[in-house]
Amino acid sequence: MRVPRKCSERCYLNRVLPVLLKRHNAVQLNKFDYRLANRLDTGLQKLRCRVNYHALQFANPILEMGKILVQRLRMRSKHYIALHLRFEPDMLAFSGCDYGGGEKEKNELGAIQKRWKTLHKNNPDKERRQGRCPLTPEEVGLMLKALGYGSDVHIYVASGEVYGGEETLRPLKALFPNFYSKDTIATKEELGPFLSFSSRRAALDFIVCDESDVFVTNNNGNMARILAGRRKYFGHKPTIRPNAKKLYRLFLSRNNMTWEEFSSRIRTLQKGFMGEPKEVRPGRGEFHENPSTCICEDSEAMGKVKADSRHKKHGKLDDSSRKDVMVSDDQNDYDDNDVPEWPDLDEDEEDESGSKEKHLSNVTGSDYGAVISDEPELEAMLSD
């Protein structure tokens, strides 16, 4: 069934529970990851964590394949960075941004935009200034290099089809030659059961990103937020988010300054976006991105948090650079407005009669390919 946005405790008791009691069977709550309000009773928040971080698990074939991918990465290097690139054609079309491809890019992305009747035409320059455009692969690479990561660092890129293909990826690969994806570390035969299902492929990327030493996100979508929250919940591992709003002007003028000045300014602008334990006050922002401290009172998890507060990022990062990118314990001036939130086009609310309620056909437990949406392609894009 479709659940109203930000459904409260009362909403679930009055609207969802009666459906469960009436049918005596399982009901899929579409878009469940953000359908609960942030302000809930402590007991309900703890129950919510039990579901989000413990009860819900991927099917065994996905878990096993994800484990294989991680093992093969670890065989190549003890540590690796995972990058959620999000530079697919549909994502760029949805963002309404301009990436310098001229009329060819405008026509190609414009054709994709026509799929969505509710998508308004944006001002590309305004979107870029407000930090709502994903960084290009080259910009992500320059940011990581400026933060002190050397060319010997191993990077796993979680992505679908990258707009522009190899030509777009070439600058990033030049900066970080140890470049991997699920397609390069697994055979076509191994990936066969997952290739026809975008959600299954995203699940494999999710597992590899979750296990990474450092996770880098290039957008503020659902998958990135859930991973950030999960990595905090299970003892804390850093999640780096580009401060796209502030980096915009710097990338425009990077050819007018020395590398030393450019990298110094990158480190300054990224303070508060490096995923340090005390970077964001507990409970701020969306629940699944910044879980409240009440759920981390387990002694083992808290022990990991304390240990990881002395975490050293893996890569060539000298002491002077580390001082620039580390955030002090009283770093509480994080501005939610500095982080772009990818729009959700599901703004319509269900009426009380439940006229928009939809049902899944029978599928197996491992079938992650079934999606219900008025616009299936948009649903698949926003799901990760």
Could you go through D210 and R230, starting from their C-alpha distance and side-chain angles, then the distance that decides it, and tell me whether this counts as side chain to side chain contact (heavy atoms under 4.5 Å, CB included)?
CA-CA 8 Å; D210 185 38; R230 180 178 174 85; 2.7 Å; yes

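- Minimum heavy-atom separation, P177 to S151: CD-O, 3.4 Å.
- Between C209 and R231, every side-chain heavy-atom pair lies at or beyond the 4.5 Å cut-off.
- What you find for G150 and F176 is that their closest heavy atoms are O-CE2, 3.3 Å.
- The CZ atom of F251 sits 4.5 Å away from the CD1 atom of I266 when rounded to the nearest 0.5 Å.
- The side-chain heavy atoms of R76 and I185, taken from C-beta on, include a pair separated by under 4.5 Å.
- The environment of CZ in R50 is sparse: at most 12 heavy-atom neighbours from other residues, nucleotides or ligands sit within 6.0 Å.
- When all heavy atoms of A82 and V208 are compared, the pair lying nearest together is CB-O, 4.4 Å.
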Which atom pairs, donor and acceptor, lie under 3.5 Å between side-chain atoms of residues 58-70 and protein residues at least two apart or in another chain?
none

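- Side chain of T258 to backbone of E261: a donor-acceptor contact under 3.5 angstrom is found.
- Residues satisfying the side-chain hydrogen bond (donor to acceptor under 3.5 Å, both in side chains) criterion with Y180, sequence neighbours excluded, are H154.
- Between V153 and H79, every side-chain heavy-atom pair lies at or beyond the 4.5 Å cut-off.
- Residues E189 and P193 approach most closely at O-CD, 3.9 Å, considering heavy atoms.
- Within the 4.5 Å cutoff, the side chain of W259 has heavy atoms near those of the L142 side chain.
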Q) Run the side chain to side chain contact (heavy atoms under 4.5 Å, CB included) check on F206 and M223 step by step: do they pass? A) CA-CA 8 Å; F206 185 100; M223 180 168 166; 3.9 Å; yes

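- Taking the six-membered ring where the residue is Trp, Y233 and Y53 present parallel rings, their angle staying beneath 30° rather than reaching 60°.
- The hydrophobic clustering, which links ILVMFWY residues whose side-chain heavy atoms are closer than 4.5 Å, places L252 and L247 apart.
- In this structure, R225 CZ and N219 CG are separated by 9.5 Å, a value rounded to the nearest 0.5 Å.
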Which pairs of donor and acceptor atoms, one on a side chain in residues 166-175, lie under 3.5 Å apart (sequence neighbours left out)?
| unit_1 | atom_1 | unit_2 | atom_2 | d |
| --- | --- | --- | --- | --- |
| E166 | OE1 | K173 | NZ | 2.8 |
| E166 | OE2 | K173 | NZ | 3.1 |
| T168 | OG1 | Y163 | O | 2.6 |

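- No donor-acceptor pair closer than 3.5 Å links the side chain of E127 to the backbone N or O of C133.
- Across D205 and Y156, no two heavy atoms sit closer than the pair OD1-OH, 2.5 Å.
- Looking at heavy atoms from C-beta onward, I155 lies out of side-chain contact with N178 at the 4.5 angstrom threshold.
- In this structure, F87 CZ and T136 OG1 are separated by 5.5 Å, a value rounded to the nearest 0.5 Å.
- S77 places no side-chain N or O within 3.5 Å of a backbone atom of R74 that could act as its donor or acceptor partner.
- Counting heavy atoms from C-beta outward, V140 and N218 have side chains that approach closer than 4.5 Å.
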Step by step, would you call L44 with Y12 a side chain to side chain contact (heavy atoms under 4.5 Å, CB included)? CA-CA 12 Å; L44 287 176; Y12 273 90; over 6 Å; no

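- Here the CZ-CZ distance, from R249 to R129, works out to 8.0 Å after rounding to the nearest 0.5 Å.
- Atom OG of S8 and atom CG of N14 lie 8.0 Å apart (nearest 0.5 Å).
- Put simply, the side chain of H236 gets close to the backbone of G275: a donor and an acceptor are under 3.5 Å apart.
- V216 has its side chain within reach of I81: a pair of non-hydrogen atoms, C-beta onward, lies under 4.5 Å apart.
- Here the CE atom belonging to M143 is positioned 14.0 Å from the NZ atom belonging to K145, to the nearest 0.5 angstrom.
- Residues Q270 and L147 form a side-chain contact, since some pair of their non-hydrogen atoms from C-beta on lies under 4.5 Å apart.
- The six-membered or imidazole ring of H54 lies near that of F234, with a centre-to-centre distance under 6.0 Å.
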- [ ] Decide yes or no on side chain to side chain contact (heavy atoms under 4.5 Å, CB included) for T217 and T239, but give the supporting numbers first.
- [x] CA-CA 7 Å; T217 172; T239 296; 4.2 Å; yes

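- No salt bridge links E88 with R201; every basic N to acidic carboxylate O contact stays at or beyond 4.0 Å.
- Taken together through direct or relayed side-chain contacts under 4.5 Å among Ile, Leu, Val, Met, Phe, Trp and Tyr, F273 and Y248 form parts of separate hydrophobic clusters.
- For the residue pair S159 and L85, the shortest heavy atom distance occurs at CB-CB, 4.1 Å.
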